[in-house]
Amino acid sequence: MRLSRFFLPTLREDPAEAEVVSHKLMLRAGMIRKLASGIYSYLPLGLRALRKVENIVREEMNRAGALEVLLPLVQPAELWQETGRWKDYGKELLRFKDRKDHDFCLGPTHEEVITDLVRREVRSYRDLPLILYQIAPKFRDEIRPRFGIMRAREFLMKDAYSFDADEEGLKVSYQRMYEAYERIFTRCGLRFRAVLADTGAIGGSESHEFMVLAETGEDRLALCEACGYAANVELAEGQAYFVYPQEEEKPLEKVSTPGVRSVEEVSAFLGVPPSKLVKTLLYRAGEEVVAVLIRGDLELNEVKLRNLLGVAEVEMADPETVERITRAPVGFAGPVGLSGVRVLADLSVRGLRNFVTGANEVEAHYVNVNYGRDFPEPEFHDLRVVTEGDPCPRCGRLLAITRGIEVGHIFKLGTKYSRPMRATFLDREGQERPLVMGCYGIGIGRTVAAAIEQNHDEAGIVFPREIAPFEALILTLGPDPDLLEASERLYRELSGAGIEVLWDDRDERPGVKFKDADLIGLPYQVIVGRRFRETGEVELKERATGRRETLSPEALPSRLKT
RNA sequence: CGGGGCGUAGCGCAGCCUGGCAGCGCACCUGCCUUGGGAGCAGGGGGUCGGCGGUUCAAAUCCGCCCGCCCCGACCA
């Protein structure tokens, strides 16, 4: 492709709207443009990178025995009512009516549609296992679209669904997909980890997320280098017991703490470390309000709380509720004398003696609080976010916390959808049984963004070879006819050798061409300039390393093929 | 949805506080010149100042309402 005929609007400056590198670079490199919040157009260069990832995914899905289909984006409400998700999915599901006033939605995911398809066609265990997938747009009306294409509302996703006769079969399908995912992200040139994950709104029993390791990732991961344990901190298990020194119980004392509310303030005011404080957090879970006690220096894990309470959603109680229950403004809640709510406590509180809590009274805290004596022993559960240096729940060594970008997520669904939708088959004994399902997603655009997040420098993108929009860029430095002629010959030869090559034949000065070349980050730059005039040779620059070599034009095709 | 910020030429921004010519850099067009890291000179085109309403002799600027976008939190590929 000749650059003079290509559509590549590069930007010299960072766009004001972009914050993270991948977003800035994708805009600057002319890969994407925004149409509305979370809604993007792909320009030719961006689309080529997207297609590269898409093709890797397609190849590996096919290799794993999955079959490609294409499912509708627009879906009737009736299907979603069958599984109850028309009510449960919330505002992320974009709903609308057609001209006949029938309810529809844009598909944020396709469990309902695929289950409907399969229940109509699959009758027998002989048809199983079956894995279907598609690579198609999804629409999720995200609360806060972010980071460009990384969290878009409309995005391209690969979603696969497995159907098996039993749990054993599901295990095999799941493993097969897990391995395909490892191959996919490896081929995309990414450093990633598969981690245990919460199943969230999709549901099911077991789940792994594939996380690209990057500082800008929205997720935190707990990793144990000793035994390989890896989990999203959302569900990484906190250690069972903290061992506290045995202290004598001291007498309960109420102290005045004027204007002092937060853990830091109380800690500084009383001269007591945060780990000697116990926070009392009030949460609303549906109709119920619960109080959760947790050590002052630790963070409550809302996912664990949600799963413990068996509800879809928990949220911090609003100030009015806090005041009604504690009879004090926010900042002074405590377990002593608290009534009318269920009191839960993180394991970090077990065994802790003589701690500090709010006194349920304006500007007052209790010191030397002890459960069992000053208030009833609470229910202890693992409710905290694990932190750096926590022991690994498997082997007890220290956990490290890193950040990651979720590019893939796989779930064992079981019969969560097949049962309500009555997707059944007849087993060998002629028994009707529900299909056992799994589902497997990959964010295609997100994978491109994550790859850029992980592979760039000050000058621009450094595309991993397998997903680069082109393999090489020929830079013709100067308007001389002989340079142009030689460049064109090279361009034809490389193209003819099956190498995807872009030729910067624009009438621009060398500096402009070099800057754009580094910005768009193709793996190789072929420089036809001064050296060619002198010796008839061209220069090959590797984008990733900056390494340059000089060689004859004839030697180039075979050099680039290795 | 809560909190913070921003909307002025294609992009990046100044002007707004203190009302009175709509500006700067880059990009774009023409000519000359230049060709190994975003050249130079000369000339030129491009604006509902996010929208609507109000105040005023006069509004980008002051006031009100609305819209859009970005960032931080809860959701997710």
Side-chain angles (χ1 to χ4, degrees), chain A residues 9-20 23 27-28 30 33-39 53 57 89-93 108-110 135-160 181 197-202 207 209-212 218-219 232 234 283 302-303 306 312-316 318-319 405-411 439-450 459-460 475-480 483 506-519 525 527-534 539 541 548:
Chain A
T10 55
L11 269 24
R12 294 190 177 204
E13 288 168 287
D14 282 338
E17 70 187 50
E19 206 67 26
V20 300
H23 188 196
L27 287 165
R28 286 193 54 205
R33 287 294 182 261
K34 183 177 67 187
L35 179 64
S37 180
I39 300 179
V53 172
V57 169
Y89 212 92
K91 297 190 77 165
E92 227 171 90
L93 185 65
T109 177
H110 284 67
I135 298 174
K138 294 276 178 286
F139 192 95
R140 294 183 186 172
D141 201 356
E142 291 280 349
I143 297 166
R144 181 150 93 84
R146 230 191 304 202
F147 304 152
I149 198 191
M150 199 101 95
R151 173 177 302 284
R153 290 194 289 174
E154 182 179 323
F155 60 99
L156 193 63
M157 178 170 160
K158 186 284 300 183
D159 47 323
Y181 273 43
D198 183 56
T199 52
I202 308 280
S207 154
E209 287 166 332
F210 286 76
M211 294 284 190
V212 169
E218 294 183 86
D219 291 274
N232 193 311
E234 286 177 352
Y283 268 85
E302 294 189 2
V303 173
R306 201 163 65 203
E313 210 42 68
V314 295
E315 53 175 355
M316 292 282 276
D318 53 275
I405 300 163
E406 180 190 355
V407 289
H409 199 164
I410 61 178
F411 302 80
C439 79
Y440 316 89
I442 291 179
I444 304 288
R446 190 125 112 189
T447 300
V448 174
L475 290 82
T476 306
L477 303 185
D480 325 6
L483 285 188
R506 295 175 302 172
D507 182 19
E508 289 286 356
R509 295 171 56 85
V512 174
K513 296 194 178 188
F514 281 127
K515 291 288 183 194
D516 274 344
D518 288 345
L519 176 61
Q525 296 170 17
I527 301 159
V528 184
R530 195 172 51 203
R531 174 145 281 127
F532 181 81
R533 270 187 231 112
E534 291 163 0
E539 205 172 317
K541 176 183 158 189
R548 292 160 189 271

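In what follows, every chain begins at residue 1, and chains take the letters A, B, ... in the order their sequences are listed.
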Interatomic distance at [atom1], [N] relative to [M], whole Å:
N	M	atom1	answer
B:C62	B:C57	C1'	16 Å
B:G12	B:G19	P	30 Å
B:A59	B:C21	C1'	15 Å
B:G45	B:U8	P	23 Å
B:U18	B:C11	C1'	31 Å
B:G51	B:U61	P	10 Å

Counting only Watson-Crick pairs (N1-N3 plus N6-O4 or O6-N4) and G-U wobbles (N1-O2, O6-N3), all under 3.5 Å, who is the partner of [N]?
N	value
B:A14	none
B:G37	none
B:G46	none
B:C1	B:G73
B:C6	B:G68
B:A27	none
B:C62	B:G54

- Message: Checking A:E218 now: which residues fulfil side chain to side chain contact (heavy atoms under 4.5 Å, CB included) with it, not counting sequence neighbours?
- Response: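 Side chain to side chain contact (heavy atoms under 4.5 Å, CB included) list for A:E218, sorted by chain: A:R146, A:F147, A:R151.
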Residues in side chain to side chain contact (heavy atoms under 4.5 Å, CB included) with A:A449, at least two apart?
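Side chain to side chain contact (heavy atoms under 4.5 Å, CB included) check on A:A449 returns A:S22, A:M26, A:I149, A:M150.
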Heavy-atom donor-acceptor pair, [X] side-chain to [N] base, under 3.5 Å:
X	N	answer
A:R446	B:C76	yes
A:R28	B:G38	yes
A:R140	B:C76	no

Handout entry: ring-ring contact (aromatic ring centres under 6.0 Å, His included) partners for A:F210, two or more places apart
Key =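 Only A:Y178, A:Y181, A:F185 meet the ring-ring contact (aromatic ring centres under 6.0 Å, His included) criterion with A:F210.
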B:C75 OP1/OP2 closer than 4.0 Å to side-chain N/O of A:R151: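 For B:C75, OP1/OP2 do not have a side-chain N/O of A:R151 under 4.0 Å.
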*Short side-chain N/O contact from A:R146 to OP1 or OP2 of B:G73, under 4.0 Å*: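 Yes, because at least one side-chain N or O of A:R146 sits under 4.0 Å from OP1 or OP2 of B:G73.
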With nearest nucleotide decided by heavy atoms, which residue, A:S37 or A:G443, maps closer to the 5′ end of RNA chain B?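 That would be A:S37.
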task: Write down the atom of A:I442, the atom of A:T447, and the distance for their closest heavy-atom approach.
output: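 Residues A:I442 and A:T447, closest heavy atoms: CG2-OG1, 3.8 Å.
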Readout for nucleotides 30-36 of chain B: B = base within 4.0 Å of protein heavy atom, S = sugar-phosphate only, - = neither; 5' to 3' it is ----BBB
message = By nearest atom, which of the nucleotides B:A77, B:A74, B:C26 is closest to the A:F155 side chain?
response =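 Per side-chain heavy atoms of A:F155, the pick is B:A77.
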Next item on the list: Starting from P on B:A77, measure out to CD1 on A:I405 and report it in whole angstrom.
Entry: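 Whole-Å distance recorded here is 15 Å.
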If I take atom CG in residue A:D219 and atom C1' in nucleotide B:C75, what distance separates them, rounded to the nearest angstrom?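 These atoms are roughly 11 Å apart.
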Using nucleotides 10-14 of chain B, report all nitrogen or oxygen pairs with the protein that are shorter than 3.5 Å.
unit_1 : atom_1 : unit_2 : atom_2 : d
B:G12  : OP1    : A:A16  : N      : 2.8
B:G12  : O2'    : A:E13  : OE2    : 3.4

Taking N or O atoms only and anything under 3.5 Å, show me the protein contacts with nucleotides 45-51 of chain B, one pair per line.
none

Check whether any side-chain heavy atom of A:T10 lies under 4.5 Å from a side-chain heavy atom of A:K515, and answer yes or no.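 Not in contact.
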### Task
Compare all side-chain heavy atoms of A:M157 with those of A:I135 and state whether any distance is below 4.5 angstrom.
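They are not in side-chain contact.
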